[in-house]
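Notes follow the structure.
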Amino acid sequence: MIRLGLCCIFKSEPIKFRRTTAKYLLSLGQRGRAAFLADLCRHNADALYRALQFCAANGIGAFRINSQILPVKTHPEAGYDLDRLPGGDRIVERFKTCGAFSRENGIRTTFHPDQFLVLSSPKADVVRRSVADLEYHAMVAGWVNADAINIHGGGAYGDKATALRRLAAVIEGLDRDIRDRLTLENDDRVYTPADLVPVCRQTGVPLVYDIHHHRCLPDGNSVERTTEAALSTWNREPLFHISSPLNNKTGPCRPHHDFIDPRDFPDCWRDLDFTLEVEAKAKELAVLQLKRDLNLL
DNA sequence: AGCGGTCAAGTTGAT
DNA sequence: ATCAACTTGACCGCT
């Protein structure tokens, strides 16, 4: 069975997640800031619940939660704790209700922190802040029943082998509640599946295989072979990514298309049991379209 | 009501 | 040395 996943937001369904910036928060007084944040975080917890309901009602088996669900959470000056906000305990309860809904309805939830989270950096402070960001993700993941916090390998700094050794060492030092959820994804500029699989084997962290990135940044291995290697790293339902490039299909990596061209879905995935996150600008419309195109209805 | 400038953070590679 | 691209909005604040 193939479970298709929706990434973060909706195209036409009126479910919106709110955001803010550190700059704006710092322009507010202490009381105003706490009230503003409580309102925003409460809104996002409610929006997440509605997002999961939409997925359950429409046969979408997975939902990627935007890392900004609690925006600016780990910022050095503007960061905050929910339990210090007015009504913060009820906001946490609301997130836990999302987790219960996820469990009861079999909707998988995941996170994909953005490019600023880098565990391979030679700069200790970058790694320290990245780990702090992972702690935030793991905390929310525990509430909402997310079993994947998916990151890229980061930079190469002119020496991939050394950077990958740093990456593995940092992963091995992470707390279990992070490490048990962490996944590594091949990217389109630096780290291929062939680069990451050894780190996955060493650390027990699974590989999220992004086939579009693999086509942009090949490593000499076929899709079939890479699929097998990726599957072998998983101790739970595997998670892969698909997207279609916006313009012509050859040449360097292009931005995402509105929809998925079903020809980009490889034959060798047809009979697997896994989650496939759909990275397409038309969001839920693209997920539902791909379901039809693959006869998964 | 509509629109434009802005937004925490890292790294790479084009200029 | 500088800066856009990653992804891509959503927000505030001004008109």
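In what follows, chains are A, B, ... by sequence order, proteins preceding strands, each numbered from 1.
- Going from atom OH of Tyr80(A) over to atom P of dA8(B) covers 13 Å, rounded to whole Å.
- Shown here, dA9(B) forms no base pair; nothing in the strands shown gives a Watson-Crick or G-U wobble contact with both key distances under 3.5 Å.
- Backbone-only engagement by Ser121(A) is indicated by non-hydrogen atom pairs under 4.0 Å involving sugar-phosphate atoms exclusively.
- In this structure, of dT6(B), dA5(C), dC11(C), it is dC11(C) that holds the atom nearest to the side chain of Arg18(A).
- For dC7(B), the OP1/OP2 oxygens have no side-chain nitrogen or oxygen of His75(A) closer than 4.0 Å.
- Between dG13(C), dA8(B), dA9(B), one nucleotide has an atom nearer to the side chain of Tyr24(A) than all others, and that is dG13(C).
- dT6(B) and dA4(C) have their P atoms separated by 12 Å, given to the nearest Å.
- The P atoms of dA8(B) and dG13(C) are separated by 13 Å, rounded to the nearest whole Å.
- For the residue pair Tyr209(A) / His241(A), no side-chain donor-acceptor distance below 3.5 Å is found, with atom types taken as modelled.
- Annotation: Arg236(A), atom CZ; neighbour count of heavy atoms from other residues, nucleotides and ligands within 6.0 Å is above 12.
- For Lys16(A), no side-chain nitrogen or oxygen approaches OP1 or OP2 of dC11(C) to under 4.0 Å.
- With dT12(B), dC6(C), dA8(B) as the candidates, the nucleotide lying closest to the side chain of Ala156(A) is dT12(B).
- Rounded to whole angstrom, the span from the CG atom of Asp39(A) across to the C1' atom of dC11(C) amounts to 14 Å.
- Residues Arg189(A) and Asp187(A) are not paired through a salt bridge, judged by the lack of any N-O separation under 4.0 Å between the basic side chain and the carboxylate.
- When the nucleotides dA8(B), dT12(B), dG9(C) are ranked by their closest atom to the side chain of Arg19(A), dG9(C) comes out on top.
- When heavy atoms are screened at a 4.0 angstrom cut-off, Lys11(A) is found touching no nucleic acid atom at all.
- Checking the phosphate oxygens (OP1, OP2) of dA5(C), no side-chain nitrogen or oxygen of Arg189(A) falls inside 4.0 Å.
- Residue Lys283(A) has a polar side-chain atom (N or O) positioned under 4.0 Å from OP1 or OP2 of dT8(C).
- As a whole-Å value, the separation of Asn150(A) CG from dT7(C) C1' is 14 Å.
- Checked against Lys73(A) for a side chain to side chain contact (heavy atoms under 4.5 Å, CB included), the options Asp81(A), Asp133(A), Val140(A) give a single hit: Asp81(A).
- For the pair Phe116(A) and dA9(B), the ring geometry qualifies as stacking, because the centroid separation is below 5.5 Å while the planes lie within an angle under 30°.
- Between dC11(C) and dG10(B), the distance separating the two C1' atoms is 24 Å to the nearest Å.
- Among the nucleotides dA9(B), dT7(C), dA8(B), the one closest to the side chain of Gln115(A) is dT7(C).
- Taking the side chain as every heavy atom from C-beta outward, Tyr24(A) and Val72(A) never approach each other to under 4.5 Å.
- At whole-Å resolution of the value, CG in Leu119(A) and C1' in dT11(B) are 14 Å apart.
- Atom CD1 in Ile9(A) sits about 10 Å away from atom C1' in dA10(C), given to the nearest Å.
- Taking a pair to require two hydrogen-bonding distances under 3.5 Å in either a Watson-Crick or a G-U wobble arrangement, dG2(B) pairs with dC14(C).
- Across all strands shown, dT8(C) has no partner, as no Watson-Crick or G-U wobble contact with both distances under 3.5 Å is found.
- Side-chain contact check for Arg64(A) and Thr109(A): no donor-acceptor pair (N or O, by modelled atom type) lies under 3.5 Å.
- Spacing between dG4(B) and dT8(C) at atom P, rounded to whole Å, works out to 22 Å.
- Distance check on atom P: dT7(C) versus dC3(C) gives 22 Å, rounded to whole Å.
- Separating the CZ atom of Arg166(A) from the C1' atom of dG10(B) is a distance of 13 Å, rounded to the nearest angstrom.
- Both Ala280(A) and Phe36(A) lie close to DNA chain C; mapped to their nearest nucleotides by heavy-atom distance, the more 5′-ward contact belongs to Ala280(A).
- Atoms NE2 (His241(A)) and P (dC6(C)) sit 18 Å apart, rounded to a whole Å.
- Around the CG atom of Asp271(A), the shell of radius 6.0 Å holds no more than 12 heavy atoms that belong to other residues, nucleotides or ligands.
- With rounding to whole Å, Tyr157(A) atom OH is found 12 Å from dG13(B) atom P.
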